[in-house]
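For reference, the structure is listed below as structure tokens.
Since the model is a prediction, treat every value here as computed from it, not as a measurement. In this chain, numbering begins with 1 at the start of the sequence shown.
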Amino acid sequence: MEKDNLIRVFPKAFSEELCDRLVKKYEDSLDKDKQRHGAGRMNFTQLNLREAGWEKEQAELVQIYVEHAKKYASSVGITNEWPMKYALEDLRLKKYLPNDHDEFGPHVDVGDNKNCTRFMVFFVYLDDNEEGGTVFPKLNFHAKCKKGDMLMFPPMWTHLHAGLKPKDKPKYMIGSYLHYVGDI
């Protein structure tokens, strides 16, 4: 029996209409609201939805994320192990340009005490992009960049991953994390 890598892809978690609406609103947003990350292995532009006044969209997305957190827990057989209380980190919409350097090289999403409360990663691809998926080199797994698909996995050292460079057009995705909250 093959060991479960705890990576899940939920096809069409976001509708095409929702994906298109998010990309359009991102492109229509003021540049002052967007942050450019361009150092080392991180090259992309991102918009924090909370800081940019996307309250309506956030409410809609949070419902979808909560629904898929339950689907994830069920799909991996989690029962009592799932935290009773958790919170969603700020939603961030990222754009990667097809410019030969926009990518997010191999990394893990929990690496120090600033982010050690993260226990689950959510990525949703907002467009189809032939080359812009997410690869897990040590787990021999590649998630394709398909519009509306949600990728979920643990953020720790066990899940080294990289966001691949788009080749022909920009890649858009939205991501967040579930966090532990409260006392243990």
Q: Let me see the working for F10 and M152 under side chain to side chain contact (heavy atoms under 4.5 Å, CB included), right down to the final yes or no.
A: CA-CA 8 Å; F10 295 98; M152 294 179 67; 3.6 Å; yes

Q.
Are L88 and M150 connected into the same hydrophobic cluster when the rule is that any two of I, L, V, M, F, W, Y join if their side-chain heavy atoms are below 4.5 Å apart?
A. yes

Q | N80, CG: over 12 other non-hydrogen atoms inside 6.0 angstrom | A | no

(Q) Between E60 and K56, does any side-chain N to carboxylate O distance fall below 4.0 Å? (A) no

Q: Answer yes or no: is there an ion pair linking K146 with E130, defined by an N-O contact shorter than 4.0 Å?
A: no

Q: Look at the side chain of E81 and the backbone N and O of T79, then say whether any donor-acceptor pair between them is shorter than 3.5 Å.
A: yes

Q) Less than 4.5 Å apart, any side-chain heavy atom of I64 and any of F14? A) yes

Q: Calculate, to the nearest 0.5 Å, the distance between atoms CD and CZ belonging to Q46 and F44 respectively.
A: 5.0 Å

Q. Salt bridge or not for D90 and R50, using N-O below 4.0 Å?
A. yes

Q) More than 12 foreign heavy atoms under 6.0 Å from CG of D168: is that the case here? A) no

Q. Going through the checks in order, is the side chain to side chain contact (heavy atoms under 4.5 Å, CB included) test met by L61 and L49?
A. CA-CA 11 Å; L61 300 178; L49 301 192; 4.0 Å; yes

(Q) One thing to verify: whether D128 and K144 come together as a salt bridge, which I'm taking to mean a side-chain N less than 4.0 angstrom from a carboxylate O. (A) no

Q) Would you say N129's side chain and P170's backbone share a donor-acceptor pair under 3.5 angstrom? A) yes

Q: Measure from the side-chain N and O atoms of H159 to the backbone N and O of V121, and report whether any donor-acceptor pair falls under 3.5 Å.
A: no

(Q) Looking at K95 and E27, is there a salt bridge between them, counting it only when a charged N and a carboxylate O are closer than 4.0 Å? (A) yes

Q) What pair of heavy atoms forms the shortest contact from P106 to A162, and how long is it? A) N-CB, 3.6 Å

Q | CD (E17) with more than 12 external heavy atoms under 6.0 Å | A | yes

(Q) Working to the nearest 0.5 angstrom, can you tell me the gap between I174 CD1 and R92 CZ? (A) 10.5 Å

Q. Counting distance only, does the side-chain N/O of H142 pair as donor-acceptor with the main-chain N or O of F136 below 3.5 Å?
A. no

(Q) Would you say NZ of K167 has more than 12 non-hydrogen atoms from neighbouring residues, nucleotides or ligands within 6.0 angstrom? (A) yes

**Q.** Minimal non-hydrogen separation, L164 against V135, with atom names
**A.** CD2-CG1, 3.6 Å

Q.
Let me check something: do L178 and W157 share a hydrophobic cluster, defined by ILVMFWY side-chain heavy atoms less than 4.5 Å apart, either directly or through other members?
A. no

Q: Compare all side-chain heavy atoms of Y72 with those of F122 and state whether any distance is below 4.5 angstrom.
A: no

Q.
Using side-chain heavy atoms (C-beta onward) and a distance below 4.5 Å, is D149 in contact with V124?
A. no

Q.
Check D20 with K24, please: is the shortest side-chain N to carboxylate O separation under 4.0 Å?
A. no

Q.
Please determine whether residues V9 and M173 belong to a single hydrophobic cluster, defined as Ile, Leu, Val, Met, Phe, Trp and Tyr linked transitively by side-chain heavy-atom distances below 4.5 Å.
A. yes

Q: Examine distances only and state if a side-chain atom of N115 and a backbone atom of G111 form a donor-acceptor pair shorter than 3.5 Å.
A: yes

Q) Hey, quick one: are Y177 and Y180 part of the same hydrophobic cluster, counting side-chain heavy atoms closer than 4.5 Å, chains of contacts allowed? A) no

Q: Compute the ring centroids of F123 and F153, then answer whether they are less than 6.0 Å apart.
A: yes

Q.
Using ring centroids (six-membered ring only for Trp), state whether Y125 and Y172 fall under 6.0 Å.
A. no

Q: Run the numbers on H161 and F141 for side chain to side chain contact (heavy atoms under 4.5 Å, CB included), then give the verdict.
A: CA-CA 9 Å; H161 60 285; F141 187 88; over 6 Å; no

Q: Check whether any side-chain heavy atom of T45 lies under 4.5 Å from a side-chain heavy atom of L97, and answer yes or no.
A: no

Q. Is a side-chain N or O of N99 found less than 3.5 angstrom from the main chain of D102, in a donor-acceptor match?
A. yes

(Q) Apply side chain to side chain contact (heavy atoms under 4.5 Å, CB included) to residues C145 and D127 and explain how you reach the verdict. (A) CA-CA 7 Å; C145 185; D127 63 347; 4.1 Å; yes

Q. L91, V181: one ILVMFWY side-chain cluster at the under-4.5 Å cut-off?
A. no

Q. What are the two closest heavy atoms between P166 and Y96, and how far apart are they?
A. CG-O, 3.5 Å

Q. CE of M156 to CG of L6: how many Å apart, nearest 0.5 Å?
A. 9.0 Å

Q. Do Y26 and W54 have their ring centres less than 6.0 Å from each other?
A. no

Q | Contact check, side chains of K165 and E131, non-hydrogen atoms, under 4.5 Å | A | no

Q. Just how far is it from atom CG of L139 to atom CG of L160, taken to the nearest 0.5 Å?
A. 8.5 Å

Q) Does NZ belonging to K70 count more than 12 external heavy atoms closer than 6.0 Å? A) no

Q. For R8 and S75, which heavy atoms make the closest approach, and how far apart are they?
A. NE-OG, 3.1 Å

Q) What heavy-atom pair brings V110 and C116 nearest, and what distance separates the two atoms? A) CG1-CA, 3.8 Å

Q) Got a second to check how far L47's CG is from K25's NZ, nearest 0.5 Å? A) 9.5 Å

Q | Pairing of E89 and R118 as salt bridge, 4.0 angstrom limit | A | yes

